[in-house]
Amino acid sequence: MTRSAYVALVTCFNEDETLNLDATRAQVRRQVAAGNNIMCAGTNGDFSALTHGEKLDLLEAVVDEVAGRVKVIVNAGCPATFETLQLARGCDAIGVDGIAIVTPYFIACTQDGLVRHFSTVADSVQTPVYLYDIPARTQNHIEPDTARILARHPNIAGIKDSGGSTETVMAYLDVARDAEGFEVYCAPDHLVHWGLKEGCSGVISGLGNVAPHILAAILDGFNTGDTAAADAAQQVFADLRKDLYALGYPPAMVKRALYMMDPSVGLSRQPALMPDAAQDAAIATILKSHSLT
């Protein structure tokens, strides 16, 4: 089975913080050229700062630009089941390869509540649904036993793990072994090759925005059986991650680094993420040391 890489694509903005769809299309072309698939409106795509309509406009532009050349998954998760349903149906109508549903945030959920939430959405769309676990941001975690229940749903195709715990990934992989067709995607950038070797179907990466070719090299090495090449690319990727993420909130550092490489992507919409001269100098040094400028 050939493994896949998805990049959690940044959302590009104009100076007035409106969507810059032309710049977003350019980033899509960059990822397609590297051979990477696209995740739209994920954590690195500022999804929590986008309106319902903007998410659909963004997705339409991404799907149009991809034109079937790679796969597209979109995150349609919202705090409430009702809103998630409306957005997921809109994404379903546009046409994508998968709809990821991040766990509800702000509201503390029981595991039974999560089963009802995800099942309700999966019942209501034709597109395969992927669970999206990122407990550090949502404060709600999909326990492996809950994933096992949800994996039985005929329209739930897999899970994206962004928790960073190898134990949880292994537990999800145990679920996948017992549920035919259930896929596990590993997100932490330092675990790409490890996850592939353990049996993950692929990776969904934020850092791939900055270095799409390095991410692709890990997958190419693994898929062709060149373990040494995959290991070498993974080490470069992990070193870049360590250096860049040490400076602050990872998605913000990814966006800022990409902005310094290509200002057309615009700034982040997230509050309190203001440019900092010392931080920019550090990012510039990191990019230069990794031959990214």
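For clarity, every value in this text was computed on a predicted model and none was experimentally measured. In what follows, every heavy atom counts, from backbone to side chain, and hydrogens, waters and symmetry copies are set aside.
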request  = Please name the pair of heavy atoms, one in Leu21 and one in Ala61, separated by the smallest distance, quoted to 0.1 Å.
outcome  = CD2-CB, 4.1 Å
ask   = What closest approach, in Å, do Tyr132 and Lys160 show between heavy atoms, and which atom pair accounts for it?
value = CE1-NZ, 3.2 Å
inquiry  = Let's go through Leu9 and Cys40 carefully: what are the C-alpha distance in whole Å and the side-chain angles of both, what is the deciding distance for side-chain contact (heavy atoms from CB on, under 4.5 Å) to 0.1 Å, and is it a yes or a no?
reply    = CA-CA 6 Å; Leu9 195 74; Cys40 181; 6.0 Å; no
ask   = Once the angle between the rings of Tyr130 and Tyr185 is folded into 0 to 90°, is it parallel (under 30°), tilted (30 to 60°) or perpendicular (over 60°)?
value = perpendicular
message = Is it the case that the side chain of Asn14 and the backbone of Asp16 share a donor-acceptor pair, with hydrogens and angles ignored and the cut-off at 3.5 Å?
response = no
message = Could you check whether any side-chain heavy atom of Lys242 comes within less than 4.5 Å of a side-chain heavy atom of His190, counting everything from C-beta outward?
response = no
Donor-acceptor under 3.5 Å (Ser201 side chain, Glu183 main chain) = no
ask   = Do Tyr6 and Lys71 come within less than 4.5 Å of each other through their side chains, counting heavy atoms only?
value = yes
ask   = Okay, side chain of Arg3, backbone of Cys200: is any donor-acceptor separation there less than 3.5 Å?
value = yes
Side-chain (Asn75) to main-chain (Ala41) donor-acceptor, under 3.5 angstrom = yes
message = Tell me which one of Val96, Val28, Ile94 satisfies side chain to side chain contact (heavy atoms under 4.5 Å, CB included) with Val72.
response = Val96
inquiry  = A side-chain contact here means heavy atoms from C-beta on lying under 4.5 Å apart; do Leu19 and Leu50 qualify?
reply    = yes
message = Test your reading of the model: is there a side-chain donor-acceptor pair from Thr224 to the backbone of Asp220, 3.5 Å cut-off?
response = yes
inquiry  = If you define the side chain from C-beta out and look only at heavy atoms, does anything of Phe237 sit under 4.5 Å from Arg241?
reply    = no
ask   = Can you find a heavy atom in the side chain of Gln111 that is under 4.5 Å from one in the side chain of Ile149?
value = no
task = Please tell me if the side chains of Pro104 and Thr138 come closer than 4.5 Å, counting only heavy atoms from C-beta onward.
result = no
inquiry  = One pair to check against side-chain contact (heavy atoms from CB on, under 4.5 Å): Ile159 and Phe182. What are the steps and the verdict?
reply    = CA-CA 8 Å; Ile159 188 166; Phe182 187 77; 3.9 Å; yes
query = Are any side-chain N or O atoms of Asn155 and backbone N or O atoms of Thr127, one a donor and one an acceptor, separated by less than 3.5 Å?
reply = yes
Donor + acceptor pair across side chains of Gln235, Asp239 (<3.5 Å) = yes
request  = Check whether any side-chain N or O of Arg69 sits under 3.5 Å from a backbone N or O of Val66 as a donor-acceptor pair, and report yes or no.
outcome  = yes
request  = Give a yes or no on whether a salt bridge exists between Asp174 and Arg177, defined as a side-chain N under 4.0 angstrom from a carboxylate O.
outcome  = yes
task = Let me know which of Leu56, Ile99, Asp92 forms a side chain to side chain contact (heavy atoms under 4.5 Å, CB included) with Val74.
result = Ile99
query = Less than 4.5 Å apart, any side-chain heavy atom of Leu131 and any of Thr146?
reply = no
request  = May I ask you to decide if Leu240's main-chain N or O and Asp243's side chain share a donor-acceptor pair within less than 3.5 Å?
outcome  = no
query = Sub-3.5 Å donor-acceptor pair from the side chain of Ser119 to the main-chain atoms of Arg116, do we have one?
reply = no
ask   = Can we say Asp64 and Arg25 salt-bridge, meaning some charged N sits less than 4.0 Å from an Asp/Glu carboxylate O?
value = yes
request  = Check for a donor-acceptor pair, side chain of Asp46 on one end and backbone N or O of Ala49 on the other, with a separation under 3.5 Å.
outcome  = no
task = Could you walk me through whether Val169 and Leu191 pass the side-chain contact (heavy atoms from CB on, under 4.5 Å) test, one step at a time?
result = CA-CA 10 Å; Val169 174; Leu191 298 177; 5.6 Å; no
inquiry  = Quick one, Pro212 and Arg30 - any side-chain contact, counting heavy atoms below 4.5 Å?
reply    = yes
task = Could you please spell out the steps behind the side-chain contact (heavy atoms from CB on, under 4.5 Å) verdict for Asp133 and His141?
result = CA-CA 6 Å; Asp133 190 62; His141 171 52; 2.9 Å; yes
